[in-house]
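Residue numbers begin at 1 in each chain, while the letters A, B, ... track the order of the sequences.
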Protein chains: 2
Amino acid sequence: MLYFIKLEMKYARRSGLQTQAKLKAAIKDLQVNSTPTISEFATWCLTNYSEIAFHSVRALADIANVNANTVVRFSKELGFKGYEDLRQNVQSTLRTTQTAYSKRADALIDRDENDLFSELKESYTLNSNTLFQPSTRSAIVDAANCIRSAEKVFTVGVRSSYSIAHYFSYVGSMAFENITRAPAEPGAIMDQLAKARESDVLVAISFSYYSAEIVRAAEIARAKRMKVIAITDSYSSPLTIDAAHVIEFPIEGPQYMPTLSAAFMAVELILAALASHSSNASGNIQKFEEQILKYGGYIS
Amino acid sequence: MLYFIKLEMKYARRSGLQTQAKLKAAIKDLQVNSTPTISEFATWCLTNYSEIAFHSVRALADIANVNANTVVRFSKELGFKGYEDLRQNVQSTLRTTQTAYSKRADALIDRDENDLFSELKESYTLNSNTLFQPSTRSAIVDAANCIRSAEKVFTVGVRSSYSIAHYFSYVGSMAFENITRAPAEPGAIMDQLAKARESDVLVAISFSYYSAEIVRAAEIARAKRMKVIAITDSYSSPLTIDAAHVIEFPIEGPQYMPTLSAAFMAVELILAALASHSSNASGNIQKFEEQILKYGGYIS
DNA sequence: TATAAAATAAAGCATTTGTATTTTTAATTG
DNA sequence: CAATTAAAAATACAAATGCTTTATTTTATA
């Protein structure tokens with residue numbers, strides 16, 4: 001009787017496992033609701049999902065550092081007949097050549113969405129390729145050098161560009177002492193620039209239409225003879241006036257809004273260029289993260 | 001002992017990383033310039049490429065309707081030591097989790113800038129390609145549908161992920177009335193969730209290490225029976241527990257920090273998918289921008 | 001059409017395979 | 001702390017695997 005209930009649960013877990021998402025969700029369930037060893041192996045499987053399709057019981061057990069039988073028990077807990085059964089299911093979720101049935105399901109997806117995605121992909125490729133062109137590349141390297149030798153670095157961006165400014169200054173301030181966090185409160189941009197000096201650098205981020213606050217910030221920096229790094233979509237942008245470095249790339253996308261993915265990449269590239277010349281960047285970040293871990297900011 | 005030597009040799013003779021395109025080109029070559037049986041089998045392999053990764057010599061021979069030895073000879077003609085060698089190479093081209101870059105924390109220091117940029121470009125391509133894979137794509141579309149039918153949408157992300165949350169919720173709130181801005185002040189996440197109801201949706205963004213605040217927010221949402229959309233780097237993330245939709249992609253890069261560019265793209269894709277079904281999204285944004293222009297937020 | 005050469009298939013063999021069964025270890029309970 | 005149970009590891013074995021060797025068929029050329 002008890003066995004029957006157990007069996008029922010087993011099959012309930014397996015009900016209609018076809019897609020990768022469903023299968024992973026079932027594994028996730030085991031990670032949470034199972035015995036320690038099975039749970040640990042489930043965790044491994046989630047990050048090494050495709051290996052299940054590729055290896056035998058023992059081979060999988062070897063690379064996952066578990067007992068071979070754990071793999072079999074894991075498969076059965078998931079509701080499969082055995083490992084081979086699980087393996088075939090994983091394989092079918094990884095198959096590039098689809099069966100007639102799933103092809104039909106695919107065809108149901110809104111055609112607009114297919115067009116949309118492929119157009120987005122194309123514009124991502126196009127925009128980000130610009131970043132790797134020699135001229136943009138050297139602008140990025142130069143900007144990084146400029147930042148490195150600055151006394152203090154201020155970053156400004158508002159509205160949707162604030163996310164770019166936030167990312168750059170948040171990660172940057174972890175690793176480099178001279179980088180300060182981008183101001184978020186109203187008026188804080190001016191407060192910050194009021195204290196800025198000639199040896200400081202302003203990273204100004206704005207795209208068409210250009211935000212009045214950022215253009216104004218660049219003007220103030222210019223008046224103070226600070227160096228300005230302009231991250232923008234065109235040389236015709238008012239940010240580029242007297243800018244020390246201009247990182248320029250298109251933000252055009254097929255959607256209703258320009259895409260800022262290239263901008264995000266651009267600041268990541270600056271950060272990477274900065275880190276590549278610093279011996280203690282990763283150390284600083286590690287220290288920072290250890291602190292957060294210590295005080296419960298991250299779950300362990 | 002002998003086993004170890006054998007294993008070592010196996011891995012030692014595995015030549016440089018093969019791409020799927022190169023391998024398929026080599027198979028294509030055999031299709032044209034080889035003996036009838038091999039050629040026919042090559043044709044089959046091109047349309048059933050992933051099966052090579054999944055099956056044994058005999059199993060593959062069975063489903064392809066050729067002699068088992070044909071499979072071995074085919075492998076050797078391709079320049080591999082045997083079938084097992086070919087199979088491992090095919091597997092590595094199908095692996096969803098790339099390990100090429102994984103742990104290289106300090107390796108960047110004093111690295112040639114050329115290498116750095118090309119490796120970054122490669123990891124961008126790798127990570128963003130994941131977004132366009134069928135499983136991730138459909139997760140994005142499903143998430144967009146979920147958001148569309150939600151009463152209210154809350155977005156949470158802290159530390160570096162806040163930039164992603166900010167972008168999504170800022171642009172999203174312009175176009176869609178049910179999307180609210182991501183909380184920025186300390187404690188605001190809990191304040192917001194306190195008011196949330198079952199018909200609301202939580203978009204939770206966090207990557208390893210997982211932030212305690214976001215994990216907690218997901219827990220609360222779950223307790224309130226809200227739907228959770230998890231944007232994260234692995235199914236093993238605690239955010240995925242009972243999540244309605246999981247958008248999962250790698251964040252590995254060669255630099256000292258993981259790259260969140262793919263995350264940025266992911267939320268842009270969600271926004272695009274949302275907009276593609278909305279007749280007034282671009283109208284809303286235009287109205288919004290006209291307002292800002294009118295009151296001097298943008299320079300003209 | 002005879003025959004050497006090439007291509008393919010079959011047979012053979014040591015290893016490895018998947019899973020059922022047994023043993024050991026760890027956790028829980030009275 | 002002994003008894004009981006659950007979980008994990010070890011063992012066992014028929015079936016399969018990868019690859020080599022041998023046999024057969026096909027092809028090309030004299």
Side-chain angles (χ1 to χ4, degrees), chain A residues 1-3 5-7 9-10 13-14 29-45 51-91, chain B residues 1-14 29-45 51-91:
Chain A
M1 186 53 195
L2 234 153
Y3 176 77
I5 293 167
K6 215 171 156 188
L7 200 81
M9 280 179 62
K10 257 185 190 171
R13 230 180 217 140
R14 187 177 122 82
D29 187 50
L30 274 194
Q31 184 196 25
V32 180
N33 303 315
S34 190
T35 59
T37 311
I38 297 282
S39 163
E40 202 179 330
F41 179 62
T43 309
W44 186 90
C45 282
E51 301 307 315
I52 300 171
F54 298 155
H55 303 285
S56 67
V57 171
R58 282 172 180 80
L60 195 73
D62 271 6
I63 53 174
N65 254 307
V66 296
N67 184 275
N69 216 10
T70 304
V71 177
V72 177
R73 274 181 290 115
F74 169 80
S75 310
K76 289 186 176 173
E77 291 261 323
L78 273 174
F80 294 100
K81 202 189 160 197
Y83 175 66
E84 190 52 38
D85 192 12
L86 161 66
R87 192 174 167 192
Q88 278 174 22
N89 274 270
V90 172
Q91 284 177 351
Chain B
M1 187 56 197
L2 232 152
Y3 176 75
F4 280 109
I5 294 167
K6 212 171 160 189
L7 199 80
E8 222 173 21
M9 281 178 62
K10 234 187 201 174
Y11 284 100
R13 79 160 310 290
R14 261 209 281 180
D29 187 52
L30 274 193
Q31 184 193 25
V32 180
N33 303 314
S34 191
T35 57
T37 312
I38 297 282
S39 164
E40 201 179 332
F41 179 60
T43 309
W44 185 89
C45 282
E51 300 307 316
I52 302 170
F54 298 154
H55 304 286
S56 68
V57 172
R58 282 175 178 81
L60 195 73
D62 272 6
I63 53 174
N65 255 308
V66 296
N67 183 273
N69 214 11
T70 304
V71 177
V72 177
R73 275 181 290 116
F74 169 80
S75 309
K76 290 186 175 175
E77 292 257 328
L78 274 174
F80 296 99
K81 200 193 163 192
Y83 175 66
E84 188 53 38
D85 193 11
L86 162 66
R87 192 175 168 192
Q88 279 177 19
N89 274 271
V90 172
Q91 285 177 349

Per-nt protein contacts along nucleotides 18-23 of chain D (heavy atom under 4.0 Å; B base, S backbone sugar-phosphate only, - none) come out as BBBB--
Worksheet item: From B/Glu51 CD over to B/Cys45 SG, what is the distance, rounded to the nearest 0.5 angstrom?
Response: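 Rounded to the nearest 0.5 Å, the CD-SG separation comes to 10.0 Å.
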### Query
Does A/Arg73 make a side-chain N or O approach to OP1 or OP2 of D/dA7 shorter than 4.0 Å?
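It does not, given that no N or O in the side chain of A/Arg73 lies less than 4.0 Å from OP1 or OP2 of D/dA7.
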message = With a 4.0 Å limit, can you tell me whether A/Thr70 has a side-chain N or O closer than that to the phosphate oxygens OP1/OP2 of D/dA8?
response =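 Indeed not, no polar side-chain atom of A/Thr70 lies that close.
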Between [N] atom [atom2] and [X] atom [atom1], what is the distance in whole Å?
X       : N      : atom1 : atom2 : answer
A/Leu60 : C/dG18 : CG    : P     : 10 Å
A/Glu77 : D/dA8  : CD    : C1'   : 12 Å
B/Glu40 : D/dT26 : CD    : P     : 15 Å
A/Phe80 : C/dT19 : CZ    : P     : 12 Å
A/Gln88 : D/dA16 : CD    : P     : 13 Å
B/Asn67 : D/dT17 : CG    : C1'   : 15 Å
B/Leu30 : C/dT8  : CG    : P     : 12 Å
A/Asn65 : D/dA8  : CG    : P     : 16 Å

Do [X] and [Y] touch side chain to side chain, with heavy atoms closer than 4.5 Å?
X       : Y       : value
A/Arg58 : A/Asp62 : no
A/Glu40 : A/Val66 : no
A/Phe80 : A/Gln88 : no
A/Phe74 : A/Leu86 : yes

Give a yes or no on whether the backbone of A/Ile52 and the side-chain of A/Tyr83 come within a donor-acceptor separation of less than 3.5 Å.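 At least one qualifying donor-acceptor pair exists.
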### Message
Could you check whether any side-chain N or O of A/Arg87 sits under 3.5 Å from a backbone N or O of A/Phe54, counting only pairs where one atom can act as donor and the other as acceptor?
### Response
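Answer holds: yes.
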Discussion item. Measuring from the side chain of B/Thr35 (C-beta onward, heavy atoms only), which nucleotide among D/dA10, D/dA7, C/dA7 has the closest atom?
Written reply: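 The answer is C/dA7.
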